[in-house]
Amino acid sequence: MSKKIIVGITGSIAAFKSVQLISDLIKKDYIVDVMMSESATRFITPVCIQSLTKRKVYVDTFDDENPAIITHIDIVKDADLFIIVPASAHTIAKVTYGMADNMLTSAFLAATCPKLIAPAMNVHMYENVATQENIKILKQRGILFVEPISGLLACGDIGKGKLADEDDILEMIQYALTPKSLHGKKVLISAGPTQESIDPVRFITNHSSGKMGYAIAKAAFCLGAEVTLVSGPTTLRKPYGLNVINVLTANDMYEAMISHSSSNDIIIMSAAVGDYSSTHIEDEKIKKNDDHLQLTLQKNKDILYELGQNKKENQIICGFAMETSDLIKHAKEKLLKKNCNMIVANHLKTEGAGFQGDTNVVSILTKDDIQEFGLLSKEELAYKIINLLINLEA
Ligand code: CTP
């Protein structure tokens with residue numbers, strides 16, 4: 001069944017950005033009911049929103065169509081989430097002190113579902129002790145926030161106060177709607193390719209996009225874990241709420257993973273770590289003088305193997321295997337040799353599986369079991385992987 005999100009829009013120039021957000025929420029199959037403060041209607045009109053939601057947009061508390069129903073109480077009863085995007089300093093202050101002077105603030109006070117606020121205002125208004133104290137109080141009450149970002153503000157000032165990027169807001173909506181089965185757990189994940197220079201211009205790498213690892217990291221975050229993502233070079237945006245460590249070489253990744261490993265409950269090596277690097281990086285660009293060029297490569301450290309050898313009590317370790325033949329045989333060997341609890345094996349030659357796409361087809365191996373997963377989006381598969389890991393005995 002579709003989830004219902006109440007979107008409150010308040011008086012900020014960023015109100016226009018809520019239009020795109022609402023449109024995208026509808027495309028994602030959410031039921032969206034919108035409430036606007038009086039000042040929000042100065043920036044965008046209810047008609048604009050109504051054309052997207054195909055539902056009544058609420059502004060006036062006393063605009064009840066049916067006298068038997070008190071709208072601001074009734075509308076939030078079956079809501080799964082209440083978000084205020086953008087939230088002005090004024091509305092943040094009002095909801096902190098339980099003021100219910102318009103439709104939006106009355107409904108917010110009456111709502112018992114999770115709540116998420118995305119502030120947008122002038123930098124000095126945002127940094128003002130009054131606003132910061134209000135935000136602190138609301139956070140202590142369990143209300144979630146998506147931090148504004150720094151940049152050139154509508155007023156001409158430069159600083160923190162711009163509405164968060166829509167992708168960050170969507171990720172926090174997902175977070176707010178997901179049950180916290182990983183609450184209190186720490187998860188360390190590697191993702192993406194590694195890159196080994198051979199001269200100042202060229203490097204050796206592979207086709208990994210990092211999409212699978214990033215999807216797992218985001219799923220673990222939404223399920224309530226504290227997530228550290230060690231990422232090789234990718235074009236993917238930094239997910240909201242994660243501690244991201246960017247690395248380049250296999251050795252950098254080794255250092256980052258090993259130094260964080262002991263404090264984490266679950267470790268997932270989804271990165272496509274380069275097995276070899278050049279013994280020598282030329283200082284100058286290699287010129288194409290000869291018909292043949294010979295490079296001497298040396299083996300990189302096997303990070304997963306090292307993690308497996310130093311596995312802590314109750315720690316769960318998951319590796320990946322990417323093969324072009326004998327997938328299960330090689331994956332089983334890796335499971336044992338690298339002392340993992342689980343291996344996610346994907347067959348490079350299967351349609352819909354592999355590096356760059358948004359889908360994957362995998363077999364998941366544990367010591368006593370093999371489960372096959374047909375074509376799934378990397379997002380769906382990420383949740384399946386995490387749920388299997390949660391239920392494993394260390
Ligand atoms: N891996 C690693 N360090 C390496 C190479 C691989 O930690 N230097 C990890 C990968 O992140 C993955 C698992 O080991 O989780 C298996 O990687 P894969 O490339 O399939 O296997 P290899 O161990 O490199 O063996 P081979 O290339 O011979 O198949």
Side-chain angles (χ1 to χ4, degrees), residues 187-197 203-217 220 228-234 245-262 264 266-279 297-311 315-350 353-356 360-367 370 373 378 381-382 385-386 388-389 392:
V187 178
L188 175 65
I189 305 178
S190 70
T194 54
Q195 204 179 83
E196 308 293 345
S197 290
F203 51 79
I204 303 168
T205 189
N206 57 63
H207 293 295
S208 172
S209 61
K211 284 180 184 171
M212 191 67 246
Y214 273 58
I216 300 171
T228 303
L229 172 65
V230 176
S231 175
T234 75
I245 302 171
N246 291 307
V247 296
L248 218 51
T249 67
N251 199 46
D252 294 343
M253 188 170 277
Y254 173 87
E255 300 288 341
M257 291 300 291
I258 298 296
S259 65
H260 286 83
S261 60
S262 63
N264 278 273
I266 298 175
I267 304 179
I268 304 167
M269 273 301 299
S270 76
V273 187
D275 286 330
Y276 291 91
S277 54
S278 184
T279 49
L297 304 179
Q298 64 196 355
K299 209 172 185 178
N300 290 330
K301 287 180 201 143
D302 190 321
I303 307 168
L304 184 57
Y305 178 82
E306 290 286 329
L307 292 166
Q309 293 309 302
N310 298 292
K311 191 151 120 47
Q315 200 171 49
I316 298 280
I317 300 184
C318 171
F320 271 65
M322 165 88 54
E323 306 288 346
T324 47
S325 62
D326 294 328
L327 176 69
I328 302 298
K329 177 175 166 280
H330 290 310
K332 267 186 188 160
E333 285 165 6
K334 282 172 194 175
L335 182 81
L336 296 176
K337 189 176 138 203
K338 304 199 186 195
N339 194 26
C340 299
N341 302 85
M342 197 167 103
I343 288 276
V344 180
N346 51 68
H347 200 300
L348 200 52
K349 289 185 175 165
T350 304
F355 281 135
Q356 295 286 334
N360 220 347
V361 182
V362 302
S363 306
I364 298 188
L365 291 84
T366 54
K367 288 201 177 81
I370 301 180
F373 291 86
K378 287 185 174 169
L381 183 59
I385 292 170
I386 294 279
L388 285 172
L389 287 171
L392 277 182

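Heads up: numbering here begins at 1 and tracks the sequence. Every number for a ligand or one of its atoms is a count from 1 in the order of the listing. The figures here come from the full heavy-atom set of this structure, side chains too, leaving out hydrogens, waters and symmetry mates.
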Asks: Where the side chain of Gln315 meets the backbone of Leu307, is there a donor-acceptor pair that is under 3.5 Å apart?
Replies: no
Asks: Show me the side-chain donor-acceptor pairs of residues 318-326 shorter than 3.5 Å, one per line, residues at least two apart or across chains.
Replies:
from, atom 1, to, atom 2, distance (Å)
Glu323, OE2, Lys334, NZ, 2.4

Asks: Would you indicate whether Phe373, at its atom CZ, is surrounded by more than 12 heavy atoms from other residues, nucleotides or ligands within a distance under 6.0 Å?
Replies: yes
Asks: Could you give me the CA-CA distance, side-chain angles and deciding distance for Ile266 and Ile386, then say whether side-chain contact (heavy atoms from CB on, under 4.5 Å) is met?
Replies: CA-CA 9 Å; Ile266 298 175; Ile386 294 279; 5.9 Å; no
Asks: Hey, which residues fall under 4.0 Å of ligand 1 on heavy atoms?
Replies: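 Met269, Ala271, Val273, Asp275, Lys301, Asp302, Ile303, Leu304, Gly319, Phe320, Ala321, Met322, Glu323, Lys334, Lys338.
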Asks: My understanding is that only residues two or more places apart in sequence, or in another chain, count here; which of them pass side-chain contact (heavy atoms from CB on, under 4.5 Å) with Leu336?
Replies: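 In terms of side-chain contact (heavy atoms from CB on, under 4.5 Å), with neighbours along the sequence ignored, Leu336 is linked to no residue.
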Asks: Considering residues at least two apart in sequence or located in another chain, which fulfil the salt bridge (Lys or Arg N to Asp or Glu O under 4.0 Å) criterion with Lys329?
Replies: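 Checked Lys329 against salt bridge (Lys or Arg N to Asp or Glu O under 4.0 Å); matches are Glu333.
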